[in-house]
Amino acid sequence: MLRRLFPHPYLSLTLVALWFMLVNQWKLGSLVMAIILATILPLVTSAWWPDRARVRHPLRLLGYTALVFWDIIVANFQVAYVILFIPRDKVQSRWVTVPLDLKSPEAVSLLAGTITLTPGTLSSDMSACGRALLVHALHAPDPDAVRDQIKSRYEARLKRIFE
């Protein structure tokens, strides 16, 4: 019964957390509205989610989230440095192709989102076969280092979480 009411429990928990972040109030009315949204939205959208995302290690997902938050903070300073102190003609913007070892669409989507959330990089496109991401880097003197950092820092962790 509980599985029918909450077909995607992680999505429901995420919706409750996001709702509280949006309203910024810890009141009973906010909790009721969060529970209503966390129940109705997954039920209505479950037809478009035929397979459930398989998160093998949910606690590692929390560690991954902390890592991404830290990287966003650090990247803000790096982008500020590039903008303020590197002359425009010395900035080396590059397109980097990142081959993917991930098989889970949810993991690939999370990787692309992580890259885009991190200032200075942007996931632009995915190959037709779904085996590579095209990433734009604001300043990448060594494109191979950018690719290797994405694969080791993010993709490897996501592989351990989802696969």
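Computed from heavy atoms alone, side chains included, the values below leave out hydrogens, waters and symmetry copies.
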If Ile, Leu, Val, Met, Phe, Trp and Tyr residues are connected whenever their side-chain heavy atoms lie under 4.5 Å apart, and connections chain through other members, are Val32 and Leu22 in the same group?
no
Please tell me if the side chains of Leu61 and Leu110 come closer than 4.5 Å, counting only heavy atoms from C-beta onward.
yes
Hphob cluster co-occupancy, Leu138 + Ile86, side-chain heavy atoms under 4.5 angstrom:
yes
Quick one: pull up CE in Met33 and CZ in Phe20 and give me the separation to the nearest 0.5 Å.
11.5 Å
Counting C-beta onward and ignoring hydrogens, is there a side-chain heavy-atom pair between Val55 and Phe162 closer than 4.5 Å?
yes
Restricting to pairs with a member in residues 148-158, which pass side-chain hydrogen bond (donor to acceptor under 3.5 Å, both in side chains), not counting sequence neighbours?
Asp71-Arg153, Asp71-Tyr154, Asp101-Lys151, Lys151-Glu155
Only pairs at least two apart or in different chains count here, so list each salt bridge (charged side-chain N to carboxylate O under 4.0 Å, His left out) that has a residue in residues 73-93.
none
Which residues satisfy the side-chain contact (heavy atoms from CB on, under 4.5 Å) test with Arg94, sequence neighbours excluded?
Gln92, Val96, Ala140, Pro143
Are the side chain of Ser30 and the backbone of Trp26 linked by a donor-acceptor contact shorter than 3.5 Å?
no
Group every Ile, Leu, Val, Met, Phe, Trp and Tyr by side-chain heavy-atom contacts under 4.5 Å, then state whether Phe85 and Val82 land in the same group.
yes
Answer with yes or no whether the hydrophobic clustering places Phe69 together with Phe77; edges join I, L, V, M, F, W, Y residues whose side-chain heavy atoms lie under 4.5 Å apart.
no
side-chain hydrogen bond (donor to acceptor under 3.5 Å, both in side chains) pairs touching residues 74-86, sequence neighbours excluded, are none
Interatomic distance, NZ@Lys103 vs NZ@Lys159, rounded to 0.5 Å, equals 5.5 Å
Hey, what do you get for CG (Leu31) to CD1 (Ile36), rounding to the nearest 0.5 Å?
10.0 Å
Show the atom names and distances, to 0.1 Å, of all donor-acceptor pairs under 3.5 Å that link a side chain in residues 117-134 to residues at least two apart or in another chain.
{"from": "Thr118", "atom 1": "OG1", "to": "Thr114", "atom 2": "O", "distance (Å)": "2.8"}
{"from": "Thr121", "atom 1": "OG1", "to": "Ile115", "atom 2": "O", "distance (Å)": "2.6"}
{"from": "Thr121", "atom 1": "OG1", "to": "Thr118", "atom 2": "O", "distance (Å)": "3.1"}
{"from": "Ser123", "atom 1": "OG", "to": "Ala112", "atom 2": "O", "distance (Å)": "2.9"}
{"from": "Ser127", "atom 1": "OG", "to": "Gly130", "atom 2": "N", "distance (Å)": "3.3"}
{"from": "Ser127", "atom 1": "OG", "to": "Arg131", "atom 2": "N", "distance (Å)": "3.2"}
{"from": "Ser127", "atom 1": "OG", "to": "Ala132", "atom 2": "N", "distance (Å)": "3.2"}
{"from": "Arg131", "atom 1": "NH1", "to": "Leu102", "atom 2": "O", "distance (Å)": "3.2"}
{"from": "Arg131", "atom 1": "NH2", "to": "Leu100", "atom 2": "O", "distance (Å)": "2.8"}
{"from": "Arg131", "atom 1": "NH2", "to": "Leu102", "atom 2": "O", "distance (Å)": "3.2"}

For Arg147, which residues count as a salt bridge (Lys or Arg N to Asp or Glu O under 4.0 Å) partner, sequence neighbours excluded?
Asp144
Which pair of heavy atoms, one from Val16 and one from Ala38, lies closest together, and at what distance?
CG2-CB, 3.6 Å
Nearest 0.5 Å please: distance from the OG atom of Ser109 over to the CG atom of Leu158.
10.5 Å
Any Leu41 side-chain heavy atom under 4.5 Å of Leu11 side chain
no
Looking only at heavy atoms, which two atoms of Glu163 and Ser104 are closest? And how far apart?
OE2-N, 3.2 Å
Please check if Val79 and Ile73 belong to a single hydrophobic cluster, counting links between Ile, Leu, Val, Met, Phe, Trp and Tyr side chain heavy atoms closer than 4.5 Å.
no
How many angstroms lie between atom CD1 of Ile40 and atom OG1 of Thr45, to the nearest 0.5 angstrom?
11.5 Å
